[in-house]
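What follows is a single structure, and I will ask about it in a moment.
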Amino acid sequence: MDENSISNGIDECSPDKGHTLPILKKILDLSTKVQNLKKQHVALSDQVKLTTESFPGQDVLKSVQFLGAKYEVLKRKYLKESSERRQLYNEVIELKGNIRVFCRCRPLNESEIANGSAVSVVNFDSSPDELQVNCTDSSKKQFKFDYVFRPEDNQETVFEQTKPIVTSVLDGYNVCIFAYGQTGTGKTFTMEGTPEHRGVNYKTLEELFRISEERQGMIKYELLVSMLEVYNEKIRDLLVENSVEPIKKLEIKQAADGTQEVPGLVEARVYGTEDVWEKLKSGNRVRSVGSTSANELSSRSHCLLRVTVLGENLINGQKTRSHLWLVDLAGSERVGKTEAEGERLKESQFINKSLSALGDVISALASKSAHIPYRNSKLTHMLQSSLGGDCKTLMFVQISPSAVDLTETLCSLNFATRVRGIESGPARKQTDHTELYKYKQMAEKLKHDEKETRKLQDNVQTLQMRLATRELMCRNLQEKVRDLENQIAEERKIRLKQESRLFASVSAPPSTVSESTINHPVAQKTINKPPLNPSKRQPLRKITNFLPPPPERRPSCSSSIDAKENIVRTSTANTQGLFKARRRVSIAARPPGASMTPSTTKTLLQPRRRVSVATICPVTTSNMTAPLHSQMARHSTVVALQRKPLVWTPLKQKGLKNSSRKSLLVKPAQPFY
Ligand SMILES: Nc1ncnc2c1ncn2[C@@H]1O[C@H](COP(=O)(O)OP(=O)(O)OP(=O)(O)O)[C@@H](O)[C@H]1O
């Protein structure tokens, strides 16, 4: 039902148009409104016309999908990188030391110059971490810290060194920075500074804001500031707005997560550096100060500025909560020197007590003591969760250059040295040094080894070149040797032929061998010329680069061969004592295929031809039990015979018994000539 019908209906229902009921009036109003709205809707629909083109196409959807996947990869990468960066940054800080000590010396002030103590007792070495103090007995004391700031160093230089520790708070680590020293040495100047020379507190917050802005979009940070003082062992909130209200008594309580909390302490959210400066100013206004002989505006309390950093990783949702404590301690001064009495004396006693408690805590932490006496003072109790563990602690030891303050300066420097010295502790320090020494040695050895390796590589290269030259020479020599071997083989063939012929003539019946044959120039030449003695020639070996093993010393024996009888004669002069008298062995040779019938034998071996071979037999071998080839034959014929398979045949069984001559029937498998 539309509005028109409703209004028509109403018109119809009302008997009297002038006196419409209020409810009907309302209905009419509403229907008018509905009509107006309808008109608006139509106008808006005309403005925003949804067509199929209004919806993203496939290409756009694909691009969106692709970008989504890319975003996921980048997100994962970013998370990995940022966690690595945090880890590495923390490692750097830890390597430098979780407890660090900086020394800052203020310049001589006007009154000191006016009083004539214009000469500084503090000398600075060229090294940025050392200083020397001239003592009254004209001796000099040397001190070493993580960094030493000179009187001319400004607030920027100081903050440059402090910055890396401070920014750890944004990574979720608890940090504590405090200034310690004699009254009037510049603790407040270092921590708070002046409007012209702002100190660590202001610069720290400035830096925190800068970094949080830089990380905007990835990590969301919230900074909260609290300011309190510990005066005569009482905690006072410095940010309470209405100072008319009676001072609330604050106590330290342990929270569920084990951290120390001060219930009721104001935590003001700060959004920028201006905010911070305002808070700091208002807090300082209510701080307990008093005038001492050493400082006109001496801090009579420990002033603590707490910055709570709440971080939320917008990518993985991880949340952190960390504290940064910036502490301007009350001046450590000798009670007698400041001429304190009454209330001032009481203040001084409290100050010294809490400072000594702080010293004890740091000492216990540094020496890794099982018990850390945090609860001995309100100051240390409050800082409990920001001192020790993986928290970063930085101490500024403030000193005066004036000779008047020499004793106090030495006291402060000794305290700071104790803190720093124990921090790297004898045991830890030693371990570190040993490690360092070990690495140094390893590096030196590595250098030396590298040098040696280079030398060896050079040597190897030279040797390789030499080897290549030698191999070339060897190849040339091998070729020459092959040529020579071929020549020798040829020569040997010719000689064997000649010998065979000669052997045939020797084995023929005497009648058949004519005088002329023997006297024939060729035969004569062959007879006169000793046959080739292969044993005299060294066997041809493959030539290598290695030297051959030294030759075994063998008894030398010179032998000559009687060509006519084909007998090997051994020189008795050389073999006397070494060899027995030569033995003769009769060898009957039968050509293959010839039967052993007497007639055949008669024809072929007329009469049975015997070759007398003289063998040399070492003394140790008394009986010729071994085959011929086991002896050292030198004659080519013997060698040739030895190569043939021999069959021992007792031809003269009877004769053998009495005679030392042995007969052998040689049955060659193949003809040997
Ligand atoms: N490095 C410096 N350069 C210039 N002036 C300095 C420096 N250090 C300290 N002063 C000046 O010395 C005076 C004393 O400094 P400050 O009040 O900071 O000392 P303090 O150690 O905080 O003393 P107390 O413990 O009594 O509070 C101030 O006027 C300050 O401006």
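Computed from heavy atoms alone, side chains included, the values below leave out hydrogens, waters and symmetry copies. The structure displayed is predicted, hence computed values, not measured ones. Ligands are counted one by one from 1 in listed order, and the atoms in each one are counted from 1 as well.
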At a 4.0 Å cut-off, with the gap strictly under it, does some heavy atom of Arg104 reach an atom of ligand 1?
yes

Can a side-chain donor-acceptor contact be found between Thr409 and Ser412 if the only test is distance below 3.5 angstrom?
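No, Thr409 and Ser412 have no side-chain donor paired with an acceptor closer than 3.5 Å.
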
Heavy atom to atom 26 (O) of ligand 1, shortest distance: which of Asp328, Thr183, Ile351, Thr190 holds it?
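Among Asp328, Thr183, Ile351, Thr190, the closest heavy atom to atom 26 (O) of ligand 1 belongs to Thr183.
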
Any nitrogen or oxygen of Leu329, main chain or side chain, under 3.5 Å from a nitrogen or oxygen of ligand 1?
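Between Leu329 and ligand 1, no N or O pair is found under 3.5 Å apart.
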
Proximal atoms of ligand 1 relative to Gly331 (non-hydrogen, under 4.0 Å):
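Selected atoms, number and element: 25 (O).
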
Is the closest side-chain donor-acceptor distance between His323 and Ser385 under 3.5 Å?
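Their side chains do not contain a donor-acceptor pair, so the 3.5 Å distance test is not met.
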
Sub-4.0 Å atoms of ligand 1 with respect to non-hydrogen atoms of Lys187:
18 (O), 19 (O), 20 (P), 21 (O), 22 (O), 23 (O), 24 (P), 25 (O)

Salt-bridged, Asp129 to Lys144, with N to O below 4.0 Å?
yes

Report yes if the distance between the aromatic ring centroids of Phe145 and Tyr147 is under 6.0 Å, otherwise no.
no

Judged by non-hydrogen atoms, does Gln182 sit under 4.0 Å from ligand 1?
yes

Test item: side-chain donor near acceptor, Thr185 and Arg106, under 3.5 Å
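Result is no, nothing qualifies.
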
So which bit of Pro107 gets within less than 4.0 Å of ligand 1, heavy atoms only: side chain, backbone, both or neither?
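Near ligand 1, Pro107 shows its side chain, while the N, CA, C and O stay back.
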
N/O separation below 3.5 Å, Gly186 to ligand 1:
yes

Evaluate Thr453 against Gln457 for side chain to side chain contact (heavy atoms under 4.5 Å, CB included), listing each step before the verdict.
CA-CA 6 Å; Thr453 315; Gln457 275 172 347; 4.2 Å; yes

